[in-house]
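These notes concern the structure reproduced below.
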Amino acid sequence: MKISFELDAEFREDQGKGASRRLRHLGKVPAILYGGKRDARSLTVDHTKLAQLMDNERFYSTILALKVGSSQQAAVLKDVQRHPYKNRIVHVDFQRVLEDEKIKMQVPLHFKGGAESKGVKEQGGVLSHVRNDVEVVCLPKDLPEFVEVDVSGLAINEVIKLSGLTLPAGVELVELLAGRDGPVASIHMPRVEEEEAPAVEEAAAAAAAPGAAPAAGAPAAAGAAPAAAAPAADAKGGKDAKKGDAKK
């Protein structure tokens with residue numbers, strides 16, 4: 001099988017949170033190695049070296065060699081625990097790899113042909129990556145570093161599903177084996193956001209509605225007589241009438 005990376009490790013006997021905390025203070029990362037029809041073993045690896053390897057995308061989907069003293073074990077990275085806000089790796093899990101035993105791995109998707117696709121170049125659509133990786137199952141010798149997705153032939157409103165991916169010989173998709181054929185990529189029309197009407201136009205429309213009350217502070221319409229004018233006139237007329245009666 002092809003070994004892509006090497007990582008030095010040490011066996012550790014101390015267990016518990018206190019022991020793990022002391023290791024982290026020393027620049028070490030607690031780890032565990034399991035699988036391969038053997039008992040699990042606790043390890044420690046150097047934090048700086050591990051962080052450097054993790055900057056490479058291939059480290060997550062290829063086989064590496066864990067070197068403990070003079071012995072070497074083929075393994076794959078299965079899980080990483082990171083500090084919630086510090087740039088620090090807290091714990092890692094490795095799985096032993098045997099040449100005759102199939103393994104399951106998350107493999108990244110590499111998309112090509114997006115800019116040249118009919119849906120984007122000719123029809124003005126937008127390419128969407130629904131997912132960025134897939135889980136495969138295969139023998140270690142057949143493990144691909146990535147799966148290529150060619151979207152150059154995709155038109156607008158078309159979708160590439162898992163069943164449409166081209167896989168290397170001996171490689172199967174876990175989701176397809178379980179009967180799930182989900183989308184991988186699609187091209188759709190860009191969404192146009194509707195502009196909200198200005199507040200002034202809304203106010204004008206409300207004022208123009210029949211029976212609508214004028215807004216507070218709004219000027220009275222032209223030609224409209226003040227409502228209080230009539231009572232004032234009546235009051236004046238009443239006073240004049242009383243004066244006339246008195247003269248009589």
Side-chain angles (χ1 to χ4, degrees), residues 1-110 129 131-147 167-168 170-175 177-178 180 182:
M1 70 184 74
K2 181 181 178 181
I3 302 294
S4 300
F5 299 92
E6 290 186 356
L7 179 63
D8 292 330
E10 297 176 357
F11 290 125
R12 65 184 176 99
E13 303 299 334
D14 294 340
Q15 304 293 328
K17 294 182 178 179
S20 297
R21 192 179 300 112
R22 288 191 294 271
L23 287 172
R24 296 185 186 106
H25 283 309
L26 296 173
K28 303 290 185 179
V29 179
I32 189 167
L33 175 65
Y34 63 89
K37 303 174 183 178
R38 295 168 58 186
D39 293 337
R41 291 297 305 267
S42 297
L43 306 172
T44 61
V45 295
D46 182 74
H47 185 281
T48 301
K49 177 63 175 178
L50 180 62
Q52 290 174 350
L53 293 176
M54 284 187 173
D55 285 338
N56 192 324
E57 180 192 61
R58 295 172 56 243
F59 183 74
Y60 297 86
S61 57
T62 55
I63 299 172
L64 58 103
L66 284 175
K67 300 179 67 177
V68 182
S70 58
S71 63
Q72 180 173 297
Q73 173 65 59
V76 290
L77 179 68
K78 294 299 291 185
D79 189 54
V80 180
Q81 297 178 25
R82 300 179 184 273
H83 194 278
Y85 59 88
K86 296 181 180 179
N87 186 22
R88 182 183 299 170
I89 303 164
V90 176
H91 192 277
V92 288
D93 292 358
F94 297 104
Q95 180 182 342
R96 295 185 184 95
V97 173
L98 302 180
E99 292 186 358
D100 59 347
E101 185 176 288
K102 289 187 175 183
I103 57 174
K104 292 181 180 180
M105 287 291 294
Q106 292 290 141
V107 175
L109 296 175
H110 286 187
H129 298 170
R131 58 195 306 161
N132 295 313
D133 55 36
V134 289
E135 188 176 20
V136 302
V137 56
C138 61
L139 291 173
K141 67 180 182 63
D142 298 324
L143 180 64
E145 294 183 2
F146 60 88
V147 173
L167 301 173
V171 178
E172 297 177 287
L173 296 178
V174 174
E175 289 186 55
L177 293 175
R180 300 189 298 270

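Positions are given from 1, in the same order as the sequence printed here.
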Show me the side-chain donor-acceptor pairs of residues 67-76 shorter than 3.5 Å, one per line, residues at least two apart or across chains.
from  : atom 1 : to    : atom 2 : distance (Å)
Ser71 : OG     : Val68 : O      : 2.8
Gln73 : OE1    : Arg38 : NH1    : 3.3

Just list the side-chain donor-acceptor pairs under 3.5 Å for residues 79-89, sequence neighbours left out, or say none.
from  : atom 1 : to    : atom 2 : distance (Å)
Arg82 : NH2    : Tyr60 : OH     : 3.2
His83 : ND1    : Tyr85 : N      : 3.2
His83 : ND1    : Lys86 : N      : 3.1

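Using a 4.5 Å cut-off on side-chain heavy atoms (C-beta onward), Val136 and Leu173 make contact. Here the side chains of Val90 and Arg24 are in contact, with some heavy-atom distance below 4.5 Å. In this structure, Arg131 and Leu109 have side chains that are in contact, with non-hydrogen atoms separated by less than 4.5 Å.
One finds the CG atom of Leu33 at 11.0 Å from the CG atom of Asp39 (value rounded to the nearest 0.5 Å). Of the inter-residue distances, the one linking Asn132 atom CG with His110 atom NE2 reads 10.0 Å to the nearest 0.5 angstrom. Atom CD of residue Glu10 and atom CG of residue Asp46 lie 9.5 Å apart, to the nearest 0.5 angstrom. We find the CZ-CG distance between Phe59 and Leu77 to be 5.5 Å, quoted to the nearest 0.5 Å. In this structure, CE in Met105 is found 9.5 Å from CD in Glu135, a value given to the nearest 0.5 Å. Within the model, atoms CG of Leu43 and CZ of Arg12 stand 7.5 Å from one another, a figure rounded to the nearest 0.5 Å.
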*Chi angles and distances behind the side chain to side chain contact (heavy atoms under 4.5 Å, CB included) call for Lys49, Leu7*: CA-CA 8 Å; Lys49 177 63 175 178; Leu7 179 63; 3.7 Å; yes

*Mind running side chain to side chain contact (heavy atoms under 4.5 Å, CB included) on Leu66 and Leu64 for me, showing each step along the way?*
CA-CA 6 Å; Leu66 284 175; Leu64 58 103; 3.8 Å; yes

*Verify side chain to side chain contact (heavy atoms under 4.5 Å, CB included) between Glu57 and Phe146, making sure each step is shown before the conclusion.*
CA-CA 10 Å; Glu57 180 192 61; Phe146 60 88; 5.5 Å; no

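Nearest heavy atom pair, residue Glu6 against residue Leu53, reads O-CD1, 3.9 Å. Nearest heavy-atom pair, Asp142 versus Val171, reported as atom, atom and distance to 0.1 Å: O-CG2, 3.3 Å. Closest of all the heavy-atom pairs between Val137 and Leu177 is CG1-CD1, 3.8 Å. Taking each heavy atom of Thr62 and Leu143 in turn, the nearest pair found is CA-CD2, 4.2 Å.
Judged purely by atom type and a 3.5 angstrom limit, Ser61 uses its side chain to pair as donor or acceptor with the backbone of Glu145.
The side chain to side chain donor-acceptor pair (under 3.5 Å) pairs that include a residue from residues 92-105 are His91-Asp93, where partners are two or more places apart or lie in different chains.
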